[in-house]
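Every heavy atom of this structure was used, including side-chain atoms; hydrogens, water molecules and symmetry mates were not. Quick caveat, the model's predicted, so the values are computed rather than measured.
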Amino acid sequence: MMTALGLLAALGALGAGAWMHAEARRVTVEREELALERLPRSFDGLRLFFISDIHRRVVPSRLVEACRQAGGADLVLVGGDLREKRVPLSRTRDNIRTLFRIAPVYAVYGNHDYDDDARELEVMLREEGVRMLVNEHVVLEQPDGSAVRLAGVDDPRTRRDRLHEALAPSAAGTADNRAEPFTLLVAHDPSIATRLDGGRVDLILSGHTHGGQIVLPLLGPLLRSASVVQFRRGWFSLPACRADGIRPLLFVSCGFGTSKMPLRLLAPAQTHLFVLRSAASVAPVSIPDGSMKP
């Protein structure tokens, strides 16, 4: 009897391990449409492919195809942790080249990007044409003069973030709000949401938490860092930091790779295709090909 029970337990453990490995290796693009109050009409239909926490994984060609089947993207946004300790630089370079097959790439650094020599990573990313957002922003403009501010901060976990620098005033304006453009902020760690300090942001995309990576039924995630406890995964409506009362939206991805072990449970690997919609738009407005390049 004990032998039979032991065999069943072993088979159960093998089955669970196989399931957890499959969740960690999943390749999927989750498509969502976002209605955003301050997004200019001329940006209605902007498509953003978001991937975070690649770590040791190889970005496969089938992810490019999956994104194309979902409608394609105008920009690729990488939410940090493009690598971790002892990941060959050549693998990270190949991953970046694969992402460029989707669209121009903008990225921020995560804590694991500093595990090894950050200088060689910086040089490689520059060589490959990645637009790094290190406590700064770029302005995406349309022919009608409307604009979106795309901002990024350095890794919040290691306190390299300088949000006030990333959101420093520029000449950008929008047809709807000349004083302050619609602002999309990319930050590796969602803890940045607790440090906005009046910074005017409309949408934040982040990762870092891995969704808990291993989440036990009834008990919750094994990992219980402050970010996991407060912002484990999904959508969060933050307190209003604007006089108009508009509440920033925060999205936290489970990420594409894993830390420590290549296993996930109830927090499967994911990437995202966000289609931005202007609440003021009556009908979608097409975006000219190539208009969002770095």
Side-chain angles (χ1 to χ4, degrees), residues 48-60 63-64 73-140 148-168 170 183-192 195 199 201 204-210 227 252-253 255-260 271-272 290 292-294:
L48 307 175
F49 178 78
F50 181 59
I51 183 171
S52 187
D53 300 275
I54 298 172
H55 289 280
R56 305 196 68 83
R57 284 193 74 176
V58 171
V59 177
L63 182 61
V64 178
D74 300 296
L75 299 176
V76 172
L77 304 179
V78 184
D81 280 2
L82 296 91
R83 63 171 189 175
E84 62 180 41
K85 194 172 185 63
R86 290 188 292 275
V87 170
L89 190 67
S90 59
R91 183 186 304 172
T92 307
R93 187 187 296 272
D94 288 344
N95 284 341
I96 290 297
R97 290 178 175 177
T98 300
L99 292 175
F100 261 105
R101 291 167 55 193
I102 298 175
V105 179
Y106 294 74
V108 298
Y109 291 118
N111 54 302
H112 285 290
D113 293 317
Y114 294 98
D115 286 352
D116 289 324
D117 181 12
R119 176 60 180 166
E120 66 172 12
L121 176 63
E122 177 187 353
V123 170
M124 182 275 288
L125 293 171
R126 186 183 304 117
E127 290 174 346
E128 295 301 322
V130 177
R131 180 60 166 92
M132 296 303 299
L133 298 170
V134 184
N135 300 320
E136 60 188 305
H137 71 264
V138 296
V139 177
L140 310 177
V148 163
R149 179 169 56 183
L150 173 59
V153 291
D154 205 345
D155 176 49
R157 178 177 171 81
T158 53
R159 294 286 179 173
R160 290 178 165 91
D161 58 298
R162 302 290 183 269
L163 184 62
H164 66 284
E165 295 178 16
L167 301 181
S170 69
T183 298
L184 166 58
L185 175 66
V186 184
H188 178 62
D189 191 325
S191 65
I192 194 69
R195 306 204 291 270
V201 175
I204 306 172
L205 300 180
S206 66
H208 180 64
T209 67
H210 297 199
S227 293
V252 184
S253 173
F256 190 66
T258 56
S259 288
K260 297 183 175 61
T271 67
H272 314 271
M292 297 295 108
K293 290 183 179 178

Return the [atom1] to [atom2] distance between [X] and [Y], rounded to the nearest 0.5 Å.
{"X": "T98", "Y": "I102", "atom1": "OG1", "atom2": "CD1", "result": "8.5 Å"}
{"X": "I204", "Y": "L184", "atom1": "CD1", "atom2": "CG", "result": "9.5 Å"}
{"X": "I51", "Y": "H272", "atom1": "CD1", "atom2": "NE2", "result": "9.0 Å"}
{"X": "R131", "Y": "L150", "atom1": "CZ", "atom2": "CG", "result": "9.0 Å"}
{"X": "L77", "Y": "S253", "atom1": "CG", "atom2": "OG", "result": "12.0 Å"}

Could you tell me if the side chain of [Y] sits less than 4.5 Å from the side chain of [X], heavy atoms only?
{"X": "H112", "Y": "R56", "answer": "no"}
{"X": "F100", "Y": "V76", "answer": "no"}
{"X": "H208", "Y": "S52", "answer": "no"}
{"X": "V153", "Y": "I192", "answer": "yes"}
{"X": "L163", "Y": "R195", "answer": "no"}
{"X": "D53", "Y": "H188", "answer": "yes"}
{"X": "K260", "Y": "H210", "answer": "no"}
{"X": "E128", "Y": "R93", "answer": "yes"}

Exercise. Take L48 and Y106, measure what side chain to side chain contact (heavy atoms under 4.5 Å, CB included) needs, and give me the verdict at the end.
Key: CA-CA 11 Å; L48 307 175; Y106 294 74; over 6 Å; no
Exercise. Check the pair R91 / V58 against side chain to side chain contact (heavy atoms under 4.5 Å, CB included), numbers first and verdict last.
Key: CA-CA 7 Å; R91 183 186 304 172; V58 171; 4.1 Å; yes
Practice problem: From the options V108, N95, V59, I96, select the one residue that forms a side chain to side chain contact (heavy atoms under 4.5 Å, CB included) with L82. | Solution: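 So, applying the side chain to side chain contact (heavy atoms under 4.5 Å, CB included) to L82 and each of V108, N95, V59, I96, only I96 qualifies.
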If every non-hydrogen atom of [X] is compared with every non-hydrogen atom of [Y], which pair is closest and at what distance?
{"X": "R83", "Y": "D113", "value": "NH2-O, 2.8 Å"}
{"X": "D117", "Y": "E120", "value": "O-CG, 3.2 Å"}
{"X": "V87", "Y": "H55", "value": "CG2-O, 4.0 Å"}

Quiz prompt | D161 vs D189, side chain to side chain contact (heavy atoms under 4.5 Å, CB included): CA-CA, chis, key distance, verdict | solution = CA-CA 10 Å; D161 58 298; D189 191 325; over 6 Å; no
